[in-house]
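The structure appears right after this line, and notes come after that.
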Amino acid sequence: MTLKLKAVLSGCILVTLVGCASAPPKQPDDLCEIFYEKRDWYDAAAQMRDKWGVPIQVPMAMMYQESSFKHDAVPPRDYLLWIIPWGRVSSAYGYSQAKTPTWDDYERETGNSWASRDSFADALDFMGWFINKSHRINGVSKWDAYGQYLNYHEGWGGYQRQTYRSKAWLMSTAERVKQRAATYGAQLRSCEDELKRGWFWRLFFG
């Protein structure tokens, strides 16, 4: 096999692997199926929980709402004269839809300067950090998906000013996040013992 052919094949394999790694889960409504499909996501979620004391189902429900688990999700564009695309309505990007200034704060406070918004593990760790700060700053329980989502959307100051009260659509969305978190939590309790088993156990015992 020539070096040129090897390079082409290697490039194709790399593209395939990257595509598989970044594809949203096939059954996003079932947290067990998400983690069965993407075992490394469960490992990252468990690490986030241990690090920040945040239940897995809360940021996962928020991430579903924010990006539908798309690694390169971006907000809609602004338009000049309603016709010409003119930038984005927000700097939000990636799985967590983290805005650039808040992501910069996360990197500075955690020392995780190599973090990337299109990495699932980094995005979930960011969300754990944010939820933990919402608990410290505004006293919102880490288990309160409704209140945590309002903090996430409006910011800590906006939550304190109760800016969400003039946004019926946002409170409705937060309620959906709350319901999804409850569903995810029940699903996770039914399968987490199996998810905790290491690769060696799965290899020999299925």
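When a residue number appears, it is its place in the shown sequence, counting from 1. In this text the structure is predicted, and so the values were computed from the model without any measurement.
- Residue D30 holds its CG atom at 8.5 Å from OH of Y184, rounded to the nearest 0.5 Å.
- Proximity of F69 to M60: side-chain heavy atoms (C-beta onward) are separated by under 4.5 Å at one or more points.
- No donor-acceptor distance shorter than 3.5 angstrom exists from the side chain of Q148 to the backbone of K178, with no hydrogens or angles considered.
- Look at K99 and E66 and you find no salt bridge, because none of the NZ, NE, NH1 or NH2 atoms lies under 4.0 Å from a carboxylate O.
- Contact check on E154 versus K167 returns a salt bridge, with a Lys/Arg side-chain nitrogen under 4.0 Å from an Asp/Glu carboxylate oxygen.
- In this model, a donor atom of one side chain and an acceptor atom of the other lie less than 3.5 Å apart for R165 and Q162.
- Rounding to the nearest 0.5 Å places CD1 of I34 at 11.5 Å from CD1 of I56.
- Not a single ring-ring contact (aromatic ring centres under 6.0 Å, His included) links H135 to another residue, sequence neighbours left out.
- In this structure, Q187 contributes its side chain and L31 its backbone to a donor-acceptor pair below 3.5 Å.
- Side-chain contact between C32 and S190: present, with at least one pair of heavy atoms (C-beta onward) separated by less than 4.5 Å.
- Residues meeting the side chain to side chain contact (heavy atoms under 4.5 Å, CB included) test with Q47, sequence neighbours left out: none.
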(request) Please lay out, stage by stage, how T110 and F126 fare under the test side-chain contact (heavy atoms from CB on, under 4.5 Å). (result) CA-CA 9 Å; T110 62; F126 166 83; over 6 Å; no
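- Note on W143: it does not cluster hydrophobically with V177, by side-chain heavy-atom contacts below 4.5 Å among ILVMFWY residues.
- Using a 4.5 Å heavy-atom threshold, the side chains of K38 and P25 count as touching.
- Annotation: ring-ring contact (aromatic ring centres under 6.0 Å, His included) contacts of Y164 (sequence neighbours excluded): Y159.
- The ring-ring contact (aromatic ring centres under 6.0 Å, His included) search around F35 returns Y42, not counting sequence neighbours.
- Side-chain contact between S96 and L124: absent, with no pair of heavy atoms (C-beta onward) separated by less than 4.5 Å.
- Between A115 and W103 the shortest heavy-atom distance is CB-CZ2, 3.6 Å.
- Heavy atoms of other residues, nucleotides or ligands lying less than 6.0 angstrom from CH2 of W114 number 12 at most.
- With values rounded to the nearest 0.5 angstrom, D29 atom CG is found 9.0 Å from T183 atom OG1.
- The line from CG of D193 to CG of L188 is 9.5 Å long, rounded to the nearest 0.5 Å.
- The nearest pair of heavy atoms linking M48 to D125 is CG-CA, 4.2 Å.
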(request) Go through the steps for R136 and E109 under the test salt bridge (Lys or Arg N to Asp or Glu O under 4.0 Å), then give the verdict. (result) CA-CA 15 Å; R136 288 196 293 106; E109 291 187 15; 5.0 Å; no
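- The shortest distance between side-chain heavy atoms of K51 and N132 does not fall below 4.5 Å.
- Cluster membership for V54 and Y146, using ILVMFWY side-chain heavy atoms within less than 4.5 angstrom, is shared.
- A side-chain N or O of N112 and one of Y106 form a donor-acceptor pair less than 3.5 Å apart.
- Residues forming a side chain to side chain contact (heavy atoms under 4.5 Å, CB included) with W156 (at least two apart in sequence, or on another chain): W129, F130, K133, S134, I137, N138, N151.
- Ionic pairing of E37 and K26 is present here: one or more N-O contacts between side-chain nitrogen and carboxylate oxygen are shorter than 4.0 angstrom.
- Distance check, rounded to the nearest 0.5 Å: CE of M62 to OG of S67 gives 11.0 Å.
- Of all non-hydrogen atoms in P24 and S68, the two that sit nearest each other are CB-O, 3.9 Å.
- Checked against side-chain hydrogen bond (donor to acceptor under 3.5 Å, both in side chains), K70 has no partners two or more places apart in sequence or in another chain.
- Without hydrogens or angle criteria, K142 side chain to G128 main chain gives no donor-acceptor distance under 3.5 Å.
- Geometrically, R180 engages Y64 in a cation-pi contact, judged by NZ or CZ lying under 6.0 Å from the ring centre and within 45° of the ring axis.
- Annotation: Y36 is not in aromatic contact with W41 [ring centroid separation under 6.0 Å not met].
- Using a distance-only test at 3.5 Å, with no hydrogens or angles considered, a donor-acceptor pair links the side chain of R117 to the main chain of A98.
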